[in-house]
Amino acid sequence: MSNQNTQDLKRKLGLGAVIALGVGTTVGSGIFSSLSEVAGAAGSSLTLVLAFLIGGLLQIPANFCYAELASAFPEDGGQYVYFREAGSRPLAFLCGWISFWATDPPSISIMALAIANYLGFFLPVHGLILKLVAVLLVIIFMIIHIRSVEGGGKFQTIITALKILPFALIIGIGLFNINSNLFLSGQPLQGAATGFAALLAGISATTWSYDGMGAACYMSGEIKDPGKNLPKGLILTAVIVLALYVSLTVVSSGLLSVEELAASEAPIALLASKIPLIGNAAGVVVAIMAIIVVIGSLSSCVMFQPRIEYAMAKDGLFFKHFAQVHPKYETPAFSIVVQCIVAIILIFATNLSDLLGYFTLVALLKNFLTFGTIFVLRKKEHYKPVYRMPGGVLMPIIAMFMTGTLIWSTFIWAPIPGLICAGLAVGTGLPVYYFWENQNKQRKNEAAV
């Protein structure tokens, strides 16, 4: 690849890819454990269902916000672009800096290791062999998404459809076997909160399950007819994920008591064991489900995450090679390769990967501020979104509130490490930002002479 090869990426992805990226990123391994966490917080079956329903409805405003922002700035980079256009290049840079070093490669390594672990249900995979399998998975998806954005988009659409099918099977059969007395009992767990307090606790516990629905925004510059496909795709993503989670929760609450759900470390496997035609093979079915689900999330992350560094490099705020577009495949190949290399290194440094989890607080603050950019951008003349979200300022306020609940729970979980990581992100990022900005100014001055 030539260092001069920095042309724009082409618009090759349609509505299906927008939905596949959002659903594929959101419906990950988290749902295999979050049912028990939300059940424990909600305390009763009815509250559990309401928590997922209301929690999902409250997450939709975030997608409305992303739909408006993406239609105003249909270019690759997602949050980085929104901060930049709002007038804060330092925040825009920190957004990408944190993503590259602390959140994106670790997510790839964690998912690859999760798939390898689930493969261990069928194969004697452990120790070094397990890590090598995880590395192979990263390399496979790296190649897929380097060779063709269209091919990567088609694969993402297929794997997302495949990941929904097993859930649809469990829901479809389970609905005909619901025990109405069990579902309507709604007996609270001993020692759990009750009433409105239990509902709030349950809603708060669902928020992580809905995270990731705006993934397609990072590839806005590669979406055909973005003013139409991005808003429609983001809203349909929210509806699909909400329908899937609520249906799954209804079936769970009709086949298992809230005590069983709250106590289980593998609630989906326990649910599958109660369903006719599936029960005897529940372990196999759930292991296959988990592999397909996490493959979809891994593929999605390898596909969209490198676009933020590509956008930054085009603006002179990251290593210039990241702006390279492969002359044959027309993808940001260098950016994809480097991010996958970092992920592979993290596969062999699991303790470091765990440590990077403390950067979650900073990542959430970044999301919180992203929704806040709407208040700034709406006052700027160049802000002309094709799509305007309903409800005026209500939607970003709700989105910021829901993100705020995650910030609070994350801060309570690890306040000191979270603050240290925030300081580390700013302390390392700002000097690098000013270094690159000075270089940009020098180049402009030299060009003007």
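All heavy atoms count here, side chains included; hydrogens, waters and symmetry mates do not.
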Polar side-chain atom of T25 near backbone of G22 as donor-acceptor pair, under 3.5 Å: no
Closest non-hydrogen atom pair, E150 against L13: CA-CD2, 4.5 Å
Any donor-acceptor N/O pair, T206 side chain to I203 backbone, under 3.5 Å: yes
Of S107, S335, S99, the residue whose pairing with Q305 passes side chain to side chain donor-acceptor pair (under 3.5 Å): S107
Atom pair CD1/CD1 of I412 and I407 - distance to nearest 0.5 Å: 12.5 Å
Selection residues 224-247 - residue pairs positive for side chain to side chain donor-acceptor pair (under 3.5 Å), sequence neighbours left out: none
Shortest non-hydrogen contact between I344 and V138, atoms and distance: CG1-CG1, 4.0 Å
Minimal non-hydrogen separation, S109 against I347, with atom names: CB-CG1, 3.7 Å
Sidechain-backbone polar pair: S71 side chain, P385 backbone, donor-acceptor under 3.5 Å: no
4.5 Å side-chain heavy-atom contact, V342 and Q339: no
Side-chain donor-acceptor contact under 3.5 Å, Q439 with Y434: no
Stepwise side chain to side chain contact (heavy atoms under 4.5 Å, CB included) test for V250 and F52: CA-CA 10 Å; V250 167; F52 266 101; over 6 Å; no
Under-4.0 Å salt bridge between R11 and E222: no
Atom of L35, atom of S252 and distance for their closest heavy-atom approach: CD1-OG, 3.6 Å
Check: F322 ring centre within less than 6.0 Å of F334 ring centre: yes
Heavy-atom side-chain proximity of I164 to V23 below 4.5 angstrom: yes
Heavy atoms from other residues, nucleotides or ligands near CZ of F122 exceed 12 (cutoff 6.0 Å): yes
Pairs flagged by ring pair (Phe, Tyr, Trp, His ring centres under 6.0 Å) wherever residues 215-239 is involved - sequence neighbours left out: Y218-F304
Non-hydrogen atoms of A272 and I170 that approach each other most closely: CB-CD1, 4.4 Å
T428 OG1 to L424 CG distance, which is reported to the nearest 0.5 Å: 5.0 Å
Side-chain donor/acceptor of T405 to backbone N/O of M402, under 3.5 Å: yes
CG-CE distance between L298 and M142, expressed to the nearest 0.5 angstrom: 12.0 Å
Donor-acceptor contact present, side-chain N63 to main-chain I235, <3.5 Å: no
V27 side chain reached by F167 side chain, heavy atoms, under 4.5 Å: yes
Intermediate values then yes/no, side chain to side chain donor-acceptor pair (under 3.5 Å), Y80 and E85: CA-CA 9 Å; Y80 164 77; E85 295 301 321; over 6 Å; no
Beyond-backbone contact of I108 with L346, side-chain heavy atoms, under 4.5 angstrom: no
Trace of the side chain to side chain contact (heavy atoms under 4.5 Å, CB included) decision for S299 with F155: CA-CA 9 Å; S299 171; F155 175 82; 3.5 Å; yes
S209-S34 side chain donor-acceptor pair, cut-off 3.5 Å: yes
I398 and L58: CA distance, side-chain angles, deciding distance, side chain to side chain contact (heavy atoms under 4.5 Å, CB included) verdict: CA-CA 7 Å; I398 294 172; L58 289 174; 4.0 Å; yes
CD on Q156 to CZ on F141, rounded to 0.5 Å: 8.5 Å
Nearest heavy-atom neighbours spanning A313 and A323: CB-N, 3.4 Å
Donor-acceptor contact below 3.5 Å, side chain Q59 vs main chain Y210: no
Y433: which of F93, F318, W97 passes ring pair (Phe, Tyr, Trp, His ring centres under 6.0 Å): F93
E309 with K314: basic N within carboxylate O range, under 4.0 Å: no
Reported CG-to-CD1 distance for the pair L119 and I129, which is rounded to 0.5 angstrom: 13.0 Å
E75/R84 salt bridge by N-O under 4.0 Å criterion: yes
4.5 Å side-chain heavy-atom contact, E330 and K12: yes
Main-chain N/O of A262 paired with S36 side-chain donor or acceptor, under 3.5 Å: no
Sub-4.5 Å side-chain heavy-atom contact between R307 and L9: yes
Between N367 and Q79: side-chain donor-acceptor atoms closer than 3.5 Å: yes
Side chain proximity check, F368 to L406, heavy atoms < 4.5 angstrom: no
Intermediate values then yes/no, side chain to side chain contact (heavy atoms under 4.5 Å, CB included), L230 and Y387: CA-CA 9 Å; L230 279 167; Y387 168 83; over 6 Å; no
Side-chain heavy atoms of V258 within contact of T47, under 4.5 Å: no
Pairwise distance OG(S253) to CG(L256) - rounded to 0.5 angstrom: 8.5 Å
